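Both counts, for ligands and for their atoms, begin at 1 and track the order of listing. Values below: every heavy atom of this structure, side chains too, minus hydrogens, waters and symmetry copies. As the structure is a computational prediction, the values presented were derived from the model and not from experiment.
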Amino acid sequence: MQTVIKELKTMQPGPALVKASGWVRTKRDSKNVCFIEVNDGTCLKGLQVVADKAVFDNNLLNSISTGCSVECEGQIVASEGGDQAVELKATSIEVIGDAPADYPLQKKRHTLEYLRDIAHLRARTNTIGAVARVRSKMAFAVHKFFQENDFYYVNTPLITASDCEGAGQLFQVTTLDLANPPRLEDGRIDYSKDFFGKHTSLTVSGQLEGETYATALRNIYTFGPTFRAENSNTKRHLAEFWMVEPEMSFCTLEGDMEIAESFLKYVFKYVLEECDEDMEFFSKFIEPGVKDTIVHVVETPFAHMTYTEAVKELEKHGDKFEFKPFWGCDLQTEHERFLTEEVCHRPVIVTDYPKEIKSFYMKLNDDGKTVRAMDVLAPRLGEIIGGSEREYRYDVLKARMAELGLREEDYWWYLDLRKYGTVPHSGFGLGFERAVQYVTGMQNIRDVIPYPRAAKQADF
Ligand code: 4AD
Ligand code: MG
């Protein structure tokens, strides 16, 4: 394999000829030499290639422009400029693909909105390139954390017949002719004629299937795309996003929270270790001080409060909110942010929410009103993790499902887990993009996934 620019930049000066290939970011002339910054995306700052005007043909040097791809050969030498330790003293330069003057990424700074319209090119910018590198390292850290802690990676289906969260945000999957679907006598659509012989959707969460493997392999995790027909046009919602969902047997809510905290800290620490140049960049240009914030988060225990305590705290400042908080209300982003930014000044885990605002599978507390749920709230974003201890008592779960009008025949396999060798178990889901947003300080979730899918947006 050819040496990438990230490696070339760390090489010692020497007589050996090395090759450097990439895309030209900038070109700058002085009297005798031409400075070309070549970047191949392996790191933030490219390699400075120096071409002696006495050696290179003028036409060749003139043909080199921002965005063109080049392959250069030369020696690594100590750099006289202050910005870099070494540079490449070119002996040959070949332009592989030129980039005419209409190349959309000229040297000036572009807005993130503009870049979303050219998402196929935006990874060539400093910001989106840095996001892509950090995202990749974070994904690796996710696997590393779980693999080092005896979790098995399970691939749950993307097409499913059950609605895990019961929030009705499903994208239907069908091959029926929408103009003329088969109908039952009463006029309803006859899904027995559909591809799967029943009504199916894209999954909103891999949890239910994940639980079946956790009650066999003890500790498992899923990490894959999930889909929600989320109509809200916000900076933290996507219609297609990636979720990390661990599930642990013989584990109560306390263990769940402990794992969530050490998992997040592990991933954050890994980014600090592996992506220093990119984190410096985010701290300087995207969210002032974000690197120090992440360092602080890694070193400080998360705060804890119950939902009831949280609402009491919010009610004290009721006038601050657009949506007035009260016991029983679903916490809004403004509430979540207030708790973590103004009350706790660090991530906070809120537990024991009213059962009415949480999913059917959460373990009922003895008060009969609240469930063993936990959300991890982070400054700037609000909820980044949602999880719970699961209801593992067969009768209690059946009663809860009946209360909510869920049909037993749709969840017979899920109920079987409580019938055969049931065990306390817990898990959570991390919105992967929200975690990337938190670490990088990026404001809009659409800029931390290569091709965002949201209401009225499915380009590329
Ligand atoms: O809180 P949620 O809905 O929890 C679940 O789906 C559980 N089944 C997880 C589990 O216990 N295994 O979603 C989990 C996380 C949220 O905290 C949020 O970070 C993220 O997924 N999330 C979204 N991220 C981007 N766009 C959306 N539309 C999201 N909806 C949820
Ligand atoms: Mg949630």
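Checked for salt-bridge contact, R372 and E254 meet the test: a charged N lies under 4.0 Å from a carboxylate O. Salt-bridge annotation for E391 and K363: absent, with no side-chain N of the basic residue lying under 4.0 Å from a carboxylate O of the acidic one. Taking 4.0 Å as the cut-off between side-chain N and carboxylate O, D395 and K398 do not count as a salt-bridged pair. Between R446 and E433, no side-chain nitrogen of the basic residue sits less than 4.0 Å from a carboxylate oxygen of the acidic one, so the salt-bridge criterion is not met. For E403 and R400, the salt-bridge test passes: some basic side-chain N is under 4.0 Å from an acidic carboxylate O. Under 4.0 Å is where a charged nitrogen must lie from a carboxylate oxygen, and between R390 and E247 at least one such pair does. For R133 and D278, the salt-bridge test passes: some basic side-chain N is under 4.0 Å from an acidic carboxylate O.
Which parts of ligand 1 touch G431 is read off a 4.0 Å heavy-atom cut-off, strictly below it: atoms 15 (C), 19 (O), 20 (C), 21 (O). Listed by number with element, the atoms of ligand 1 under 4.0 Å from a non-hydrogen atom of E245 are 7 (C), 8 (N), 9 (C), 10 (C), 12 (N). The atoms of ligand 1 that sit less than 4.0 Å from any heavy atom of E230 are 28 (N). If you number the atoms of ligand 1 from 1 as listed, the ones under 4.0 Å from a heavy atom of R390 come out as 10 (C), 11 (O), 12 (N). Annotation for ligand 1: atoms under 4.0 Å from non-hydrogen atoms of S205 are 6 (O), 8 (N). When each atom of ligand 1 is checked for a heavy atom of Y361 under 4.0 Å away, the hits are 7 (C), 8 (N). When each atom of ligand 1 is checked for a heavy atom of I385 under 4.0 Å away, the hits are 17 (O). Counting the atoms of ligand 1 from 1 in the order shown, those under 4.0 Å from a heavy atom of G386 are 1 (O), 9 (C), 10 (C), 11 (O), 17 (O).
Within the model, atoms CZ of R434 and NE2 of H237 stand 4.5 Å from one another, a figure rounded to the nearest 0.5 Å. Separating the CD1 atom in I294 from the OG atom in S283 is a distance of 9.0 Å, to the nearest 0.5 Å. With values rounded to the nearest 0.5 angstrom, I286 atom CD1 is found 16.0 Å from K291 atom NZ. With rounding to the nearest 0.5 angstrom, the CD atom of E313 is 13.0 Å from the OG1 atom of T308.
With respect to atom 5 (C) of ligand 1, the closest heavy atom belonging to the protein is E165 OE2, 3.3 Å. The protein heavy-atom contact nearest to atom 1 (O) of ligand 1 is E383 OE2, 3.0 Å. Given atom 15 (C) of ligand 1, the protein heavy atom at minimum distance is G429 O, 3.6 Å. With hydrogens left out, the protein atom closest to atom 18 (C) of ligand 1 is R434 NH1, 3.4 Å, a heavy atom.
Under 4.0 Å from ligand 1, not a single heavy atom of F432 appears. With a 4.0 Å cut-off on non-hydrogen atoms, H237 touches ligand 1 through its backbone as well as its side chain. Contact annotation for M243 and ligand 1: only side-chain heavy atoms (C-beta onward) come within less than 4.0 Å of the ligand. With a 4.0 Å heavy-atom cut-off, ligand 1 is reached by the side chain of I445 but not by its N, CA, C or O. Contact annotation: for K358 versus ligand 1, there are no heavy atoms closer than 4.0 Å. At a heavy-atom cutoff of 4.0 Å, ligand 1 is contacted by the backbone of R236 but not by its side chain.
Contact between E433 and ligand 1 is absent, with no heavy atom of the residue lying under 4.0 Å from the ligand. Within the 4.0 Å heavy-atom cutoff, E389 does not count among the residues contacting ligand 1.
At least one N/O-N/O distance between Q207 and ligand 1 falls below 3.5 Å. Looking at ligand 1, you won't find any N or O of G387 less than 3.5 Å from one of its N or O atoms. Among the atoms of I384, some N or O lies under 3.5 angstrom from an N or O of ligand 1. Any N or O atom pair closer than 3.5 Å counts here, and R228 shares at least one such pair with ligand 1. Residue L238 has at least one nitrogen or oxygen atom sitting less than 3.5 Å from a nitrogen or oxygen atom of ligand 1, judged on distance alone.
Judged by the 6.0 Å distance and 45° axis criteria, K198 is not positioned over the aromatic ring of Y191. A cation-pi arrangement is not found for R418 relative to Y420, the charged atom failing to lie both closer than 6.0 Å to the ring centre and inside a 45° cone about the ring normal.
In terms of modelled atom types and a separation under 3.5 Å, the side chain of H296 and the main chain of D292 share no donor-acceptor contact. A side-chain donor-acceptor contact under 3.5 Å links H335 to the backbone of F323.
When F241, W242, F227 are checked for heavy-atom proximity to atom 29 (C) of ligand 1, F241 turns out nearest.
When side chains are defined from C-beta on, Y103 does not count as touching S65, because their heavy atoms never get closer than 4.5 Å.
Among heteroatoms of the N, O or S kind in E383, OE2 lies nearest the Mg ion (ligand 2).
Within the coordination shell of the Mg ion (ligand 2), defined by N, O or S atoms under 2.8 Å, E165 is absent.
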